[in-house]
Amino acid sequence: MTQLTALERDLLACVERLVTASEASAKDLTALEARSTGRIETELAGLKDCVTLLIRSQAASMKALSGLLNDEASYKTLDESLQQSLTLAKAAAERLRDS
């Protein structure tokens, strides 16, 4: 077995520290990626829910206004539809705040 020189031992120690640091860094980056991905997925799910609620809100408003223009809806029905639309819009805003 060949003895290592002081310079070779120092170099080997540096390489070992570098490998250890690289492994720790890779572990930290993997954990960061998992957290970031989870957060992004949660935010996207929240946005999807908000968009769905807003579309339903718009559809309720359009249905009410269409009925009013065709004399098929009374003002009471219009008010109920607009209240439903407002409720859905508020739910979307709350969901967006929570995400």
Side-chain angles (χ1 to χ4, degrees):
M1 179 181 238
T2 306
Q3 291 290 332
L4 297 176
T5 65
L7 182 59
E8 290 172 329
R9 284 192 302 274
D10 286 346
L11 182 57
L12 183 59
C14 287
V15 170
E16 288 173 348
R17 285 195 307 269
L18 181 59
V19 168
T20 301
S22 294
E23 289 171 346
S25 179
K27 184 179 178 182
D28 290 344
L29 287 173
T30 299
L32 177 62
E33 179 186 21
R35 287 191 311 272
S36 296
T37 301
R39 184 174 178 201
I40 289 170
E41 288 174 350
T42 300
E43 289 177 359
L44 285 175
L47 286 173
K48 177 186 168 203
D49 291 345
C50 290
V51 169
T52 300
L53 288 170
L54 289 172
I55 289 171
R56 288 174 53 198
S57 170
Q58 283 298 104
S61 295
M62 293 304 295
K63 181 179 178 183
L65 291 173
S66 174
L68 183 63
L69 290 173
N70 292 320
D71 273 341
E72 294 174 6
S74 66
Y75 284 103
K76 182 180 177 185
T77 303
L78 175 64
D79 186 52
E80 289 170 0
S81 295
L82 291 176
Q83 286 299 325
Q84 177 188 13
S85 175
L86 181 60
T87 300
L88 290 168
K90 285 180 180 179
E94 186 176 323
R95 177 67 172 107
L96 190 57
R97 249 190 327 273
D98 292 343
S99 63

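Worth saying up front: this structure is predicted, and the values here are computed from it rather than measured.
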Min side-chain heavy-atom separation C14-L18 under 4.5 Å:
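Heavy-atom side-chain distance check fails, nothing below 4.5 Å.
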When rounded to the nearest 0.5 angstrom, what distance separates OG in S57 from NZ in K90?
11.0 Å
Looking at CG of L47 and CG of L54, how far apart are the two atoms once the value is rounded to the nearest 0.5 Å?
10.5 Å
Reported OG-to-CG distance for the pair S25 and L32, which is rounded to 0.5 angstrom
10.0 Å
Kindly compute the distance separating OG (S36) from CD (E41), expressed to the nearest 0.5 Å.
11.0 Å
Under a 3.5 Å distance rule, please check whether E8 uses its side chain to pair with a backbone N or O of T5 as donor and acceptor.
yes
So, taking the atom named CD1 in I40 and the one named CD in E33, what distance separates them when rounded to the nearest 0.5 Å?
9.5 Å
Check E43 with R39, please: is the shortest side-chain N to carboxylate O separation under 4.0 Å?
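Salt bridge flag = yes for E43 with R39.
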Kindly compute the distance separating CG (L53) from NZ (K48), expressed to the nearest 0.5 Å.
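Spacing of CG (L53) from NZ (K48) equals 11.5 Å.
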